[in-house]
Amino acid sequence: MPIRRYLCDPHVRSPNQQRVSNIERILDQLNPEQRQAVTTTEGPVLVIAGAGSGKTRVLTARVAYLIASGIPPERIVAMTFTNKAADELRHRIATLCDAWSARRVWAGTFHSIFARLLRRNAEHLGFSPNFTIYDEDDSLALIRRLLKEQNIDSKELPPQAVRATISRAKNDLVVPEEYAQRAGTPRERHIATIYHLYQRALRRADAMDFDDLLVNMIDLLASSDELLQLYQDLFHYIHVDEYQDTNSAQYEVLKLLAGGHRNLFAVGDDAQSIYSWRGARIENIFDFQRDFPEHVLIRLEQNYRSTQVILDAANALIGNNQQQIPKKLWTARSGGEPIRVASFWDELDEASGIVRYAEELRARGSVAAWSEIAVLYRINAQSQAIEDEFRRAQIPYRIIGGISFYKRKEIKDALAYMRLLLNPNDDEAFLRIVNEPPRGIGQATLEHLQRWAREHHQSLLAAVQQARSIGAIAKQKQLVLEQLGALVARTTALLGTLPLGELVHQYLDTVGLLGYYRSQSTEEALDRFENIARLIADITQYAAQAAESNTDASLAEYMQHVSLLTSVDEAATGDAVQLMTLHAAKGLEFPVVIIAGLNEGLLPLVRATTTERDNAEERRLFYVGITRARERLLLTYARNRSRFGLMEGSLPSRFLGELPQELLDADRPDELRRTSSRGLLAGLPHAEQRMQHRSTGNGFRPGQRVLHPAFGSGTVERVEGRGADAKVRVRFDVVGTKLLLVRYAPLELME
DNA sequence: ACACACGGAATTTTT
DNA sequence: TTCCGTGTGT
Ligand SMILES: Nc1ncnc2c1ncn2[C@@H]1O[C@H](COP(=O)(O)OP(=O)(O)OP(=O)(O)O)[C@@H](O)[C@H]1O
């Protein structure tokens, strides 16, 4: 069936003065290659280009160009990596075109755009429009419950591992049946069972997890020709930013949506692919070329962001990766400050060194604002020391990502109460709040309740509303439960009749959550109380804003917004140094970038399961970090780092040795030299080299002598399981036998 | 049902 | 060091 093509050639339309000048304005800011990418509006276009070459700028300009050419904004989709990036895109569109268009463009993460579409069409898939989006905690709690029901010991099969496996299966488009068929080991068969039950439970709870938002979107489009046609036609121009980090499920949807018109525009850089652990496939770049053979491939080669020095360092580093798409990248900004490589005694010293560096830049006037400085690190835990130092120096700083406000316990409890108003089948939410504040409902009562609910095919909330008929539960508790149920029902009926903030306030008050925290005098309780107050204020503000812009001010809308927030989305306030992980820095740029913790084992992060492929990804991660910098780069490492509260010697990262030494201004240049040319083991101390052998195949065998930093030496007695979840029973010479998870335990093989 | 102490094990990255 | 999860006592 041919798809109706949308008329969009600007030359065919009546030349409107305003429009033409807009188009000129948009194209003026681009170089010829960029312009080609923007004006090639029909058919598939793939832009593969290095860091800072203007990929995001091109994508934005293209959306603006289409709008200026008369394409209705609601027919344009732009998939971004974060909501914040989507907001920025909208903002740019508002300037380049107009605010009305900016609001109507479909800009957002895959997850948030799909969530919208799924709500509109929920019935097609047997969900209600108010379905709940389960976050990781909800999934995990559910999986724990299922494991218990199946009498599977959570030590044998860690819930987290099950969750990760299921998530990965979904992103790879492996459905439960298929997973079950492929399951070979007992462990896999257990996971297959849980996977199946998990999906059934989600359905019953009228809930989807993050991954379902992708999978169900595919199901939706695949299940109905009519819907597929509708959306193929509506979304006439599809854009994808950070294409190198899309996964199979996302690509599948793109193929479906672009199947008719084939107007798919993707920008990416294979050298910046850093989410393979989440199912991202660099191969999607090649699949694009295979599946859209008529595509136009565009390369951008000028970097507008960084100095020559920074770019040279980045290029040299990434050259150490074997497999990559060759790219040229040059900059007109010749020269530049050398890259400082600072060495410190330990991480505290390192943190204060970082703060001193920031202070100096500011004092010298090299930066005009704190926000021009970013501190990047590999893992969130590293932020602590740095944070403390900034606080001590009274320099404003802001942590991007980390533990989000919305992940705090009291906030999640409050949100769970709210979830029940929208979705009475949300058992996970119910279990979260049933005894929060404490109502004297314990395990025994809950088991009775759950049994009754299961036997009567009712949700827990529904069960509670008829608690009096559950004989197994003590009279007094029946009453408590029934009250709770009635309260939820009553509030649900009030939805839409009261201003949202007021309703939530009242609800959380009557339900006893506010009073619970208010009545305790501990600092922690006070904190929690204030956080909930902040949440209510946030809701009130959200509702007001929504009312102002004439969009839906409903609770459902707010909950959706909150569920799909990404860690970097929280709004910036004031002038502050930015602290974040290297992952969170993707797509950003700063005049000054400080990368902390350039230590072997930390960047690259080495774990028991580390492979050479992981290592290449660590290198890309460092590449992303370096290329965020415009003017100045400071790289730091510590010669000692504490692990488990124990100080240990630590070596500078092998990656430092991969940077051209003439670009560096290093405290201890001799330390950075490459010990041997290449390979996973290069530059590792002896103990760590031995440790590596384990992951490269020389596994544990009974009788093998091993060394553990805390338990000392011992002998392997037994090996259970294989791969990531293998366990070893070790009889230590001093402390006796222990069962250790190979993946985590810092065990070394001894000769 | 719940508060508390104890012991044991361990540190990724996040839509 | 700090987080869990389990077990104990009220
Ligand atoms: N033609 C141009 N003229 C002037 N500045 C440009 C041009 N193209 C891009 N820039 C600037 O270069 C910087 C990098 O652009 P952008 O973020 O779009 O690159 P990118 O390829 O998406 O980067 P990355 O992949 O590293 O995130 C931005 O500050 C942008 O404004």
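Lettering follows sequence order; numbering is per chain, from 1. These values consider heavy atoms only, across backbone and side chains, with no hydrogens, waters or symmetry-generated copies.
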| query | Between Leu213(A) (CG) and dT14(B) (C1'), how many Å, whole number? | reply | 14 Å

| field | Carboxylate-amine/guanidinium proximity below 4.0 Å for Arg408(A) and Asp527(A) | value | no

| message | When you measure from the side-chain N and O atoms of Asn380(A) to the phosphate of dT14(B), is any distance below 4.0 Å, counting only OP1 and OP2? | response | yes

| said: Do Ile143(A) and Leu147(A) have side chains that approach each other closer than 4.5 Å (heavy atoms only, starting at C-beta)? | reply: yes

| query | For Arg641(A), which contact category applies under a 4.0 Å heavy-atom criterion: base, sugar-phosphate, or nothing? | reply | nothing

| note | In short, Asp269(A) meets Ala51(A) closest at the heavy-atom pair OD2-N, 3.5 Å

| Tell me: NE2 of His111(A) to C1' of dT15(B), nearest whole Å? | 4 Å

| So what does Gln443(A) touch, heavy atoms closer than 4.0 Å: a base, only the sugar-phosphate, or nothing? | sugar-phosphate

| task | Go through the structure and list residues passing ring pair (Phe, Tyr, Trp, His ring centres under 6.0 Å) with Tyr377(A), not counting sequence neighbours. | result | none

| remark: Atom CG of Asn171(A) and atom C1' of dT15(B) are separated, to the nearest Å, by 9 Å

| Hey, does Asn435(A) reach any base, or is it just sugar-phosphate, or nothing, if we go heavy atoms under 4.0 Å? | sugar-phosphate

| message | Using a 4.0 Å heavy-atom cut-off, does Tyr275(A) contact any base of the nucleic acid, only the sugar-phosphate backbone, or nothing at all? | response | sugar-phosphate

| query | Is the shortest side-chain N to carboxylate O distance from Arg419(A) to Glu428(A) below 4.0 Å? | reply | no

| request: Please work out if Leu605(A) contacts a base, only the sugar-phosphate, or nothing of the nucleic acid, heavy-atom cut-off 4.0 Å. | output: base

| message | Classify Ile441(A) by what it touches in the nucleic acid, base, sugar-phosphate, or nothing, heavy-atom distance under 4.0 Å. | response | sugar-phosphate

| remark: By nearest-heavy-atom nucleotide on DNA chain B, the more 5' of Thr82(A) and Ser642(A) is Ser642(A)

| Rounded distance in Å - CG (Asp211(A)) to C1' (dT14(B)) | 11 Å

| task | Scan Lys477(A) against the nucleic acid and name what it touches under 4.0 Å (heavy atoms): base, sugar-phosphate only, or nothing. | result | sugar-phosphate

| Quick one: which of dT12(B), dT15(B), dA1(B) gets closest to the side chain of Arg378(A)? | dT12(B)

| Within the structure shown, what part of the strands sits under 4.0 Å from Ser112(A) by heavy-atom distance: base, sugar-phosphate, or nothing? | nothing

| message | Any side-chain N or O of Thr581(A) below 4.0 angstrom from OP1/OP2 of dT14(B)? | response | yes

| request: Using the closest heavy atom to pick a nucleotide of DNA chain B for each, name whichever of Ser167(A) or Glu618(A) lands nearer the 5' end. | output: Glu618(A)

| query | Between dT13(B) atom P and Leu602(A) atom CG, what is the distance in whole Å? | reply | 11 Å

| chain A contact limits on DNA chain C, taken 5' to 3' with a cut-off of 4.0 angstrom to heavy atoms | dT1(C) to dG5(C)

| Arg639(A)/Glu350(A) salt bridge by N-O under 4.0 Å criterion | no

| Euclidean distance, atom CD1 of residue Ile595(A) to atom P of dT13(B) [Å, nearest integer] | 17 Å

| field | Carboxylate-amine/guanidinium proximity below 4.0 Å for Glu436(A) and Arg432(A) | value | no

| Do Phe81(A) and the base of dT15(B) stack face to face, with centres under 5.5 Å apart and an angle between planes under 30°? | no

| Asp241(A) CG to dT15(B) C1', straight-line distance once rounded to whole Å | 15 Å

| remark: note: Arg278(A), atom CZ; dT14(B), atom C1'; distance rounded to Å ~ 5 Å

| Non-hydrogen atoms of Val593(A) and Leu376(A) that approach each other most closely | CG1-CD1, 3.7 Å

